[in-house]
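Note that ligands are numbered from 1 as they come in the structure, with each ligand's atoms numbered from 1 the same way.
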Amino acid sequence: MAEQNPTSPVRPAFQLELQDLDLVDNALATQNKETTPVHSLEIGTRPTPFGAGGPIRLASQASTPPRSVVGIGGKVAKPDYSEAKIVLAMVGLPARGKSYLSNKLMRYLQWLEYDVKVFNVGQLRRSRAKQKKEQSGVKEDHTASYFSHNNVEATRLRDALAEDSLEMLINWLKAGGNVGIHDATNSTRARRAKIEARVAKEKGIVVIFLESVCDDPAIIAANVALKVSSGDPDYKDTSPEDAKRDFIRRIKEYEAVYETITEPHLSYLRITNVGNQATACRIHGYLQSRIAFYLMNLHLKPRSIFFSRHGESQFNVEGKIGGDSPLSERGLRYASALPDLIKDNIGDAPLTVWTSTLQRTIQTGQHLSYTKLTWKSLDELDAGVCDGMTYEEIEQAYPEDFANRDEDKFNYRYRGGESYRDVVIRLEPVIMELERQDNILIIGHQAILRCLYAYFHNLPQADLPYIKIPLHTVIKLTPKAYGCDEERYTLPIGAVDTHRPKPKAPQPEVKAYSGREYYDGNA
Ligand code: SIN
C-alpha cells in the first residue's frame with residue numbers, strides 16, 4: 001500500500017476560496033437542523049442472526065443457584081496495556097476534521113481502557129499567548145498572517161510550539177500513557193521528519209501519522225462554520241463575518257505549503273472525507289490495527305441511535321435479575337406502543353432494529369416493521385450463580401459478594417458470570433458496527449445500554465453502572481461533531497423501577513454535551 005514519492009509538493013484537491021463563504025453560511029444555517037433521509041422502509045418480521053449471534057433461547061432457562069455455592073465474586077483487573085506506546089501525529093489542513101478524529105479516537109480507546117490524551121497545539125499556542133499577555137502586557141497577533149510561511153518569526157514560534165507539545169506528549173507516554181495524539185497540522189515533510197527523528201530517540205515508542213484529507217466542499221464549509229460558531233477563543237472578539245474571512249485566509253496560508261504524506265518509509269493512515277476512503281501504510285500490531293479499523297468505520301452522515309430497554313418483563317415484576325422471562329402485561333403494551341413512537345420520530349427514514357437473543361427484547365420489537373437483527377453480544381450481563389435471584393436473595397446467600405459489588409460495581413464479576421468490564425469488552429464489535437451504520441434502534445438490557453450510553457457520552461467507568469436507563473423510555477442520541485445530543489421519550493405505561501442507586505453516594509450527573517470544549521492548553 002506504500003505510494004510513490006513525488007518530488008514536488010502535492011496540493012490538496014479542493015481549496016476553499018473566499019467566494020465559497022456562501023457555502024459556510026449555508027452550513028451555519030443548517031448546522032443544527034435535522035435532515036430526514038427519504039428511503040423507504042425495509043420490512044422484516046423475523047430476526048436475523050448477526051455479528052456474534054447465537055441460537056435464540058425461547059424458553060426461560062433461569063436456574064436457581066445452589067445455596068451451597070458461597071464465596072466472593074472476583075474483581076477483574078484492568079488489562080495490562082503498559083507496552084502500548086504510540087505517538088499519533090495528525091496531518092491535515094485546518095477545517096479537515098483533525099480534532100474531530102482525535103476526539104472520537106480518544107473516546108473509543110478510553111472506553112477500551114487505554115490511557116489516551118490529545119495534545120492540541122492550537123490550545124498550547126493560546127495558553128502561552130495568554131500567559132505572555134498577563135506577564136508582559138503584549139498581545140500576540142494570531143490572525144491569518146501569523147500562519148503565513150513568509151512570516152519568519154511566527155513560523156519559528158509555531159515550530160517551537162509544535163515541538164514543545166511533542167515533548168509534553170512524550171513525557172506523558174513515558175509516565176504511563178498509551179496513545180498521545182499530537183493534534184496539529186504537521187503539514188510539511190520537514191515537520192514530519194522532525195517528529196519522526198524525535199520519537200526515534202525513545203525506546204518503545206512508535207509514531208504513526210494520521211492524515212485527514214477532505215475535498216468535499218460541504219464538509220469543509222461545515223467545519224469552518226463550526227470553528228466560527230463554537231466559541232473558538234481565536235475569534236472571541238471577532239464578528240462571525242470577519243472570523244470566516246480570517247479563517248479561510250488562514251487555510252490558504254497552510255495550503256500554500258501543504259505536502260500530503262508520500263514518504264514511503266512512514267507508518268501512516270490517510271482518511272479521505274471521513275469514511276469515504278482509507279489508506280494504510282506500515283500499520284503493525286494489534287493496537288495500530290484497531291485504530292485503523294475504527295477510523296475506517298467512521299462516517300459523518302446525519303443519523304440517530306435509539307436505545308430502548310425491553311418492555312417490563314415478568315422477572316422485573318418479581319424483582320429477579322437475569323433469566324429469559326417473557327414480557328409482563330405492561331411490557332406487552334409497551335411493545336405495542338413502540339412502533340408509533342418510533343414512526344413519529346423518524347418518519348419514513350430507514351431504520352434497523354437490533355435485539356439481544358433473549359425473548360424479552362425480541363418480544364418488545366415484535367410489532368416493528370423494520371429489518372431486525374439479533375446479537376448474542378447484546379445479551380444482558382451474565383449474573384452467574386445469581387441469575388434468577390432477587391437482590392434480597394443475593395444479599396442473604398452471598399453477603400460478601402453483595403458488599404463487594406456495591407464497593408466497585410464496574411469491576412465486580414459475578415461468580416460464574418460477568419462484570420461490567422467484561423461486558424464493555426464484549427460490546428466492542430457492537431460499537432464498531434454502530435459507528436458504521438445509519439439509524440439504529442437497539443432494544444436491549446439495562447447493563448448493556450449503560451455501557452453503550454457511556455461510550456457515546458464519554459462517561460467515566462465508576463459512574464457507568466449507575467446510569468439511569470428506565471423501562472418504557474426511548475433514548476435518542478444524535479451524534480454531533482464533539483459528542484451527542486440527547487432526547488428521552490417516556491411512554492405513559494407504568495413499569496417497575498429496576499435502578500439500584502449507588503449506596504451512600506449521589507447519583508452521578510450525566511452531561512449530554514455536544515459542543516467542542518476549549519481548555520487552556522496541555523501544560
Ligand atoms: C494552531 O496554532 O492553531 C495550529 C498549529 C499547527 O499545527 O499548525
| Which atoms of ligand 1 sit under 4.0 Å from any heavy atom of Arg125? | 1 (C), 2 (O), 3 (O)
| said: Under 3.5 Å between any N/O of Tyr254 and any N/O of ligand 1: does that happen in this structure? | reply: yes
| At a 4.0 Å threshold, what atoms of ligand 1 neighbour a non-hydrogen atom of Ala184? | 7 (O)
| Against heavy atoms of Gly122, which atoms of ligand 1 measure under 4.0 Å? | 1 (C), 2 (O), 3 (O)
| Cationic tip of Lys409 above Tyr466 ring, under 6.0 Å, 45° of axis | yes
| task | Show the numbers, then the answer: is there a side chain to side chain donor-acceptor pair (under 3.5 Å) between Glu428 and Tyr294? | result | CA-CA 10 Å; Glu428 199 271 345; Tyr294 178 72; over 6 Å; no
| request: Start with the C-alpha gap between Glu486 and His457, add the side-chain angles, then the distance that decides, and say whether side chain to side chain donor-acceptor pair (under 3.5 Å) holds. | output: CA-CA 10 Å; Glu486 175 176 329; His457 279 317; 2.8 Å; yes
| With a 3.5 Å cut-off and no angle check, do the side chains of Ser419 and Asn411 form a donor-acceptor pair? | no
| field | Nearest heavy-atom neighbours spanning Phe293 and Met432 | value | CD2-CE, 3.4 Å
| query | When you measure from atom 6 (C) of ligand 1 to every protein heavy atom, which one gives the shortest distance, and what is it? | reply | Thr185 OG1, 3.2 Å
